[in-house]
*Asks:* 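Encoded as structure tokens, here's the structure I'll be asking about.
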Amino acid sequence: MSAPTAARASDVELANAIRALAMDAVEKAKSGHPGMPMGMAEIAVALWHRHLAHNPADPRWPDRDRFVLSNGHGSMLQYALLHLTGYDLPMAELAAFRQLRSKTPGHPEAGATPGVETTTGPLGQGLANAVGMALAEALLAREFNVPGHAIVDHHTYVFVGDGCLMEGISHEACSLAGTWKLGKLVAIYDDNGISIDGHVAGWFTDDTPQRFAAYGWHVIPDVDGHDVGAVDAAIAAAKAVTDRPSLVCCKTVIGRGAPNKAGTEAVHGAALGEKEVAAARSALGWTHPPFAIPEAIYAGWSARERGAARQAAWEARFAAYRAAHPDRAAEFLRRVAGELPADFAAQAAAFVATQAAKAETVATRKASQQAIEGYAKLLPELLGGSADLTGSVFTDWSGSRALVADGEVRLDGNYIHYGVREFAMSAIANGVALHGGYIPYTGTFLTFSDYARNALRMAALMKLRSIFVYTHDSIGLGEDGPTHQSVEHAAALRVIPGLDVWRPCDTVETAVAWAAAIERRHGPSCLLFTRQNVPFVPRSDAQVAAIARGGYVLADFDPAVTGALAVVLATGSEVALALAARATLAAEGINVRVVSMPCTNAFDRQDAEYRAAVLPAGVARVAVEAGVTDGWRKYVGAADDPRAAVVGIDTFGESAPGPVLFKHFGLTAERVAEAVRGVL
């Protein structure tokens with residue numbers, strides 16, 4: 001007789017395994033959000049068990065489906081799924097939920113946990129990231145697929161909750177997703193009617209299906225989120241609609257299975273408590289001890305065999321593609337690996353040399369456009385765009401092709417008109433960077449970085465290669481007045497860990513800044529540019545090479561000047577003021593070194609010997625920048641140090657022409673010279 005076949009786990013058991021793990025992990029940590037995982041368990045079974053194409057053995061397989069948990073507070077849902085389906089996330093990690101250095105942090109973090117595609121938690125941003133991922137998939141498919149060879153063909157799925165949809169970024173991003181007709185984007189809405197403060201009916205009465213229908217989405221309303229078959233059918237219907245993104249609206253009960261707390265805010269963001277966990281186990285018929293999963297349920301959940309087969313089938317298709325189109329295949333692999341062309345460094349150096357030879361006096365926003373022109377010709381992966389300011393921020397170039405033109409979505413486009421949507425623009429760009437295959441850059445005025453700030457923070461947290469272009473970087477923009485004049489923004493961006501902020505002074509520093517941002521694989525960059533013209537500064541080859549170090553000696557002490565020594569540090573348009581002050585002071589016998597510091601972040605990473613060589617100890621220092629002054633005390637000395645001063649602006653601006661404002665606020669060469677005299 002043959003051996004008896006082991007009983008196959010039911011959908012109920014698969015779902016209850018998620019509930020049990022969520023309850024146990026949160027209870028052990030005495031911290032977390034058990035309600036959403038318990039409420040979305042059947043939805044997770046339908047998607048992960050019946051639709052999601054992924055391989056737990058290779059979380060970076062290029063043609064995997066992308067899954068985003070935008071309602072990231074329910075992180076135990078994702079951790080349970082990753083563990084159960086076979087990722088390298090052992091039970092010990094689930095038991096260490098929310099503990100130091102575990103692979104199961106309080107919200108999903110890309111890079112910390114295998115299988116987590118993006119860091120979520122700030123609500124709505126995961127949804128915007130998913131829009132970016134779906135856009136990248138569509139663009140890559142158009143660029144690399146050829147008849148008979150579909151090597152890019154996957155979906156992006158995103159779980160969202162009420163909180164995600166209340167955040168304004170959801171409107172910005174989903175409006176664009178509808179405009180772009182992203183047919184492989186499927187959002188699944190957990191409509192449980194509960195947020196931290198209680199029933200959302202008191203503050204969230206939107207007709208969500210009608211809202212998304214107005215965006216141009218395909219909407220499937222009123223799905224029973226606790227019926228695996230119904231959710232499965234809804235996802236299949238969503239996938240069948242290929243000309244629009246889909247929203248699947250699932251009615252659920254938060255904390256389903258907890259007999260006394262289900263359906264209330266009490267289960268949203270706190271451990272259930274031992275008594276309620278025990279009651280839930282009894283109500284669910286779950287008789288297993290904490291963190292114990294029967295083998296039949298593991299077998300039912302495991303995606304390793306299916307995943308390996310799916311990836312093997314794709315690799316066979318890719319091998320045929322490579323045989324037929326070897327150059328395309330090599331380019332695809334380079335792009336998804338995030339590698340630059342082998343000759344990029346040499347080509348970038350040649351472009352920088354060209355800019356130096358031109359010696360142009362232009363606004364750095366124009367110098368930025370020239371850099372884009374120079375580098376985009378070398379990098380088809382550069383994907384640009386602007387928040388309705390292309391004609392001001394100069395983020396387009398001669399090869400720009402609009403993603404949407406004459407009302408049609410053109411997936412051979414490389415330039416995105418995001419409309420007035422700075423936050424979504426930035427988070428969508430992050431999603432593009434997460435997906436791979438493109439290096440996204442975006443543009444707006446520096447003052448509007450405030451709208452996008454949390455997306456910049458997330459880019460830095462995830463170490464993404466996202467490039468954020470900001471122009472009109474100071475009171476120099478002039479007549480638009482203090483609402484548009486950046487004063488605190490450069491300083492505010494510099495304090496975000498891992499974010500490189502470049503404020504170049506001319507065409508050469510701009511070209512180097514752009515190259516540094518492109519070459520920086522594991523971190524985002526902000527490039528700050530002037531509206532007004534700035535003079536070109538001649539340099540030696542050694543000085544050009546030093547720009548990438550973030551700070552360097554632009555004009556050194558003059559041996560012919562035998563008087564007192566001082567160092568003046570400056571960035572951007574104020575470098576010209578420092579150089580003019582140096583000339584004035586030399587006539588008075590004061591010997592000044594001018595240090596250009598286009599990127600304090602890069603300078604801070606240099607070794608102590610280099611930093612000391614640029615900023616010698618014991619020499620009086622003055623910093624000058626058209627912005628708030630406190631940040632520069634790190635480089636010149638404390639406010640009570642008589643040998644240190646900062647020339648800047650610690651108030652909001654005024655409405656007047658830029659040159660008038662610089663004089664009004666004392667941002668002049670004469671004021672810099674006066675400050676140097678003061679510290680001596």
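What you see below is based on every heavy atom in this structure, not just the backbone, and it leaves out hydrogens, waters and symmetry mates. One-based numbering along the sequence shown.
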*Asks:* Work out which heavy atom in Gly437 is nearest to a heavy atom in Arg335; give both atom names and the distance.
*Replies:* O-NE, 2.8 Å
*Asks:* Can you check whether Thr471's main-chain N or O pairs, donor with acceptor, with Arg365's side chain at less than 3.5 Å?
*Replies:* no
*Asks:* Indicate the ring-plane relationship of Tyr375 and Phe344, choosing parallel, tilted or perpendicular according to the 30° and 60° boundaries.
*Replies:* tilted
*Asks:* Any non-hydrogen side-chain atom of Thr530 less than 4.5 Å from a side-chain atom of Ser474?
*Replies:* no
*Asks:* Atom CG of Leu577 and atom CZ of Phe662: how far apart are they, to the nearest 0.5 Å?
*Replies:* 7.0 Å
*Asks:* Under 3.5 Å, is there a donor-acceptor pair between the Thr390 and Tyr415 side chains?
*Replies:* yes
*Asks:* Could you pull out the closest heavy-atom pair between Val624 and Ala578, with the gap in Å?
*Replies:* CG1-CB, 4.4 Å
*Asks:* I'd like to know if the side chain of Gln125 reaches the main chain of Thr120, judged simply by a donor and an acceptor atom lying under 3.5 Å from each other, with no hydrogens or angles considered.
*Replies:* no
*Asks:* List the atom of Gln543, the atom of Pro538, and the distance in Å for their closest heavy-atom pair.
*Replies:* OE1-O, 4.5 Å
*Asks:* With salt bridge (charged side-chain N to carboxylate O under 4.0 Å, His left out) as the test, pick out the partner of Asp604 among Lys634, Arg494, Arg611.
*Replies:* Lys634
*Asks:* Counting N and O atoms only, with roles assigned by atom type, does the side chain of Arg453 sit under 3.5 Å from a partner on the main chain of Ala492, one being a donor and the other an acceptor?
*Replies:* yes
*Asks:* For the side-chain hydrogen bond (donor to acceptor under 3.5 Å, both in side chains) test, which of Arg465, Glu143, Glu381 pairs with Tyr438?
*Replies:* Glu143
*Asks:* Locate the shortest heavy-atom distance separating Ser655 from Glu479; write the atom from each residue and the value.
*Replies:* OG-O, 2.6 Å
*Asks:* If you define the side chain from C-beta out and look only at heavy atoms, does anything of Asn601 sit under 4.5 Å from Val501?
*Replies:* yes
*Asks:* Contact between Val592 and Leu565 at the side-chain level, heavy atoms closer than 4.5 Å - yes or no?
*Replies:* no
*Asks:* Return the CG to CG distance between Leu434 and Leu464, rounded to the nearest 0.5 Å.
*Replies:* 4.5 Å
*Asks:* For Glu574 and Ala626, which heavy atoms make the closest approach, and how far apart are they?
*Replies:* OE1-N, 2.9 Å
*Asks:* Mark yes or no for whether Arg643, through its side chain, and Gly618, through its backbone, hold a donor-acceptor pair below 3.5 Å.
*Replies:* yes
*Asks:* Is there a donor-acceptor pair under 3.5 Å between the side chain of Asn591 and the backbone N or O of Phe557?
*Replies:* no
*Asks:* Do Trp397 and Lys377 come close enough that some side-chain heavy atom pair is under 4.5 Å?
*Replies:* yes
*Asks:* Rounded to the nearest 0.5 Å, what separates atom CG in Leu661 from atom CG in Leu477?
*Replies:* 8.5 Å
*Asks:* Just by distance, with hydrogens left out, do Ser466 and Asn430 show a side-chain donor and acceptor under 3.5 Å apart?
*Replies:* yes
*Asks:* If I take atom CD from residue Glu509 and atom CE from residue Met597, how far apart are they, to the nearest 0.5 angstrom?
*Replies:* 11.5 Å
*Asks:* Got a salt bridge between Asp500 and Arg605, using NZ or NE/NH1/NH2 to carboxylate O under 4.0 Å?
*Replies:* yes
*Asks:* Calculate, to the nearest 0.5 Å, the distance between atoms CG and OG1 belonging to Leu527 and Thr395 respectively.
*Replies:* 11.5 Å
*Asks:* Taking it one step at a time, do Asp607 and Arg549 satisfy salt bridge (charged side-chain N to carboxylate O under 4.0 Å, His left out)?
*Replies:* CA-CA 10 Å; Asp607 60 77; Arg549 305 188 77 164; 3.7 Å; yes
*Asks:* Just checking, any donor-acceptor pair under 3.5 angstrom between side chains of Gln369 and Asp396?
*Replies:* yes
*Asks:* Is any side-chain heavy atom of Leu569 less than 4.5 Å from a side-chain heavy atom of Leu615?
*Replies:* yes
*Asks:* Using 30° and 60° as the class limits, which term best fits the ring planes of Tyr451 and Phe448: parallel, tilted or perpendicular?
*Replies:* parallel
*Asks:* Scan Trp502, Phe351, Tyr441 and name whichever one has a ring-ring contact (aromatic ring centres under 6.0 Å, His included) with Trp514.
*Replies:* Tyr441
*Asks:* Could you walk me through whether Glu654 and Phe665 satisfy the side chain to side chain contact (heavy atoms under 4.5 Å, CB included) test, starting with their C-alpha distance in whole Å, then the side-chain angles of each, then the deciding distance to 0.1 Å, before giving a yes or no?
*Replies:* CA-CA 10 Å; Glu654 298 281 354; Phe665 286 107; 3.8 Å; yes
*Asks:* Asn533 side chain to Ala363 main-chain N or O, any donor-acceptor pair under 3.5 Å?
*Replies:* yes
*Asks:* Do Arg334 side-chain atoms and Glu339 backbone N/O form a donor-acceptor pair below 3.5 Å?
*Replies:* yes
*Asks:* Could you walk me through whether Asp450 and His489 pass the side chain to side chain contact (heavy atoms under 4.5 Å, CB included) test, one step at a time?
*Replies:* CA-CA 8 Å; Asp450 284 341; His489 296 81; 2.9 Å; yes
*Asks:* Taking the side chain as everything from C-beta on, heavy atoms only, tell me whether Thr113 gets closer than 4.5 Å to Pro108.
*Replies:* no
*Asks:* When you look at Tyr635 and Val646, which way does the side chain to side chain contact (heavy atoms under 4.5 Å, CB included) test go after all the steps?
*Replies:* CA-CA 10 Å; Tyr635 302 100; Val646 182; over 6 Å; no
*Asks:* Taking Glu360 for the side chain and Gln355 for the main chain, is one N or O donor matched with an acceptor at less than 3.5 Å?
*Replies:* no
*Asks:* For side chain to side chain contact (heavy atoms under 4.5 Å, CB included), just list the numbers for Ile428 and Arg421, CA-CA rounded to whole Å, side-chain angles, deciding distance to a tenth of an Å, and then say yes or no.
*Replies:* CA-CA 10 Å; Ile428 288 170; Arg421 300 181 178 96; over 6 Å; no
*Asks:* Measure across Thr364 and Val534 and return the closest heavy-atom pair with its distance rounded to 0.1 Å.
*Replies:* CG2-CG2, 3.7 Å
*Asks:* Flag the pair Met458 / Thr119 as yes when at least one side-chain heavy-atom distance between them is below 4.5 Å, and no otherwise.
*Replies:* yes
*Asks:* Any non-hydrogen side-chain atom of Asp506 less than 4.5 Å from a side-chain atom of Arg539?
*Replies:* yes
*Asks:* For the backbone of Phe468 and the side chain of Thr442, can you confirm whether one donor and one acceptor N or O come within less than 3.5 Å of each other?
*Replies:* no
*Asks:* Please answer whether the main-chain N or O of Glu172 pairs with a side-chain N or O of Ser175 as donor and acceptor at a distance below 3.5 Å.
*Replies:* no
*Asks:* What is the distance from atom CZ of Phe394 to atom CD1 of Ile372, rounded to the nearest 0.5 Å?
*Replies:* 11.0 Å
